[in-house]
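Worksheet: the structure to be examined is printed underneath.
Just so it is clear, the structure is predicted and the values come from calculations on it, not from any experiment.
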Amino acid sequence: MNDHVISVPHSHLHPGLVLDAPDGIDDFVVLFSDDSEARARLLGDESGRPVLRVGGYMTTAGTVVDEKVWTVREALRGGGRLRLRLGRALP
């Protein structure tokens, strides 16, 4: 699998979900369990805390999910990987 693809075991993101990303990569594709996908970019908010911007996508069941920016509750680096635990989506 491409290092720039992050697989998640759900068709939607939610608070508490852990994303396992390659360390040093800020732009990647999130591949959902239903084979839908969205572009994602790790950014910093105005105070420098990490946030994850996820582009809009459509699930294979036809649900449209709008672009969202997610807070990152926890970011752990190790072994060339970055594990991001999502917080809440920003309004």
Side-chain angles (χ1 to χ4, degrees):
M1 180 166 288
N2 185 327
D3 279 346
H4 294 86
V5 175
I6 297 173
S7 295
V8 295
H10 305 283
S11 61
H12 295 77
L13 299 179
H14 57 83
L17 182 67
V18 175
L19 302 175
D20 183 16
D23 197 7
I25 303 296
D26 294 334
D27 190 15
F28 43 85
V29 173
V30 177
L31 178 63
F32 296 95
S33 63
D34 67 350
D35 290 328
S36 58
E37 59 184 49
R39 301 277 317 169
R41 184 157 180 85
L42 186 61
L43 305 166
D45 68 9
E46 55 278 345
S47 67
R49 292 178 297 212
V51 294
L52 185 68
R53 172 175 281 152
V54 180
Y57 66 99
M58 182 183 297
T59 68
T60 56
T63 302
V64 174
V65 179
D66 293 330
E67 177 180 272
K68 290 184 183 175
V69 176
W70 292 85
T71 60
V72 175
R73 189 182 314 167
E74 183 178 35
L76 299 172
R77 287 186 161 82
R81 307 298 296 173
L82 174 60
R83 286 164 189 83
L84 303 169
R85 182 177 305 277
L86 295 181
R88 62 181 174 82
L90 297 174

Would you check if [X] and [Y] make a side-chain contact, meaning some heavy-atom pair closer than 4.5 Å?
X	Y	value
L17	R85	no
P15	L86	no
L31	I6	no
W70	L13	yes

Return the minimal non-hydrogen interatomic distance between [X] and [Y], and the atom names on each side.
X	Y	answer
L42	P50	CD1-CB, 4.1 Å
A38	G55	CB-O, 3.5 Å
S11	S33	N-OG, 3.5 Å
G16	R73	N-NH2, 3.5 Å

| said: Please check: side-chain N/O of T71 versus main-chain N/O of R88, any donor-acceptor pairing under 3.5 Å? | reply: yes
| D34 side chain to T60 main-chain N or O, any donor-acceptor pair under 3.5 Å? | yes
| request: Give the intermediate values and the outcome of salt bridge (charged side-chain N to carboxylate O under 4.0 Å, His left out) for residues D20 and R81. | output: CA-CA 7 Å; D20 183 16; R81 307 298 296 173; 3.1 Å; yes
| field | Verdict with supporting geometry, V54 and E67, side chain to side chain contact (heavy atoms under 4.5 Å, CB included) | value | CA-CA 6 Å; V54 180; E67 177 180 272; over 6 Å; no
| Can you list the steps and then say if L19 with L52 is a side chain to side chain contact (heavy atoms under 4.5 Å, CB included)? | CA-CA 10 Å; L19 302 175; L52 185 68; 3.4 Å; yes
| said: Test of understanding: clusters of I, L, V, M, F, W, Y form through side-chain heavy atoms closer than 4.5 Å, transitively. Do V18 and V30 belong to the same one? | reply: no
| message | Applying a strict under-4.5 Å side-chain criterion to I, L, V, M, F, W and Y, I'd like to know whether L84 and V51 cluster together. | response | no
| query | Should R39 and D27 be marked as a side chain to side chain contact (heavy atoms under 4.5 Å, CB included) after you check the CA-CA gap, both sets of side-chain angles, and the distance that decides it? | reply | CA-CA 7 Å; R39 301 277 317 169; D27 190 15; 3.0 Å; yes
| Got a sec: does the CZ of R53 have more than 12 other heavy atoms crowding it under 6.0 Å? | no
| task | Verify the neighbour count for atom CZ of R49: are there more than 12 heavy atoms of other residues, nucleotides or ligands below 6.0 Å? | result | no
| request: Measure the acute angle between the ring planes of Y57 and H12, then classify it against the limits of 30° and 60° as parallel, tilted or perpendicular. | output: tilted
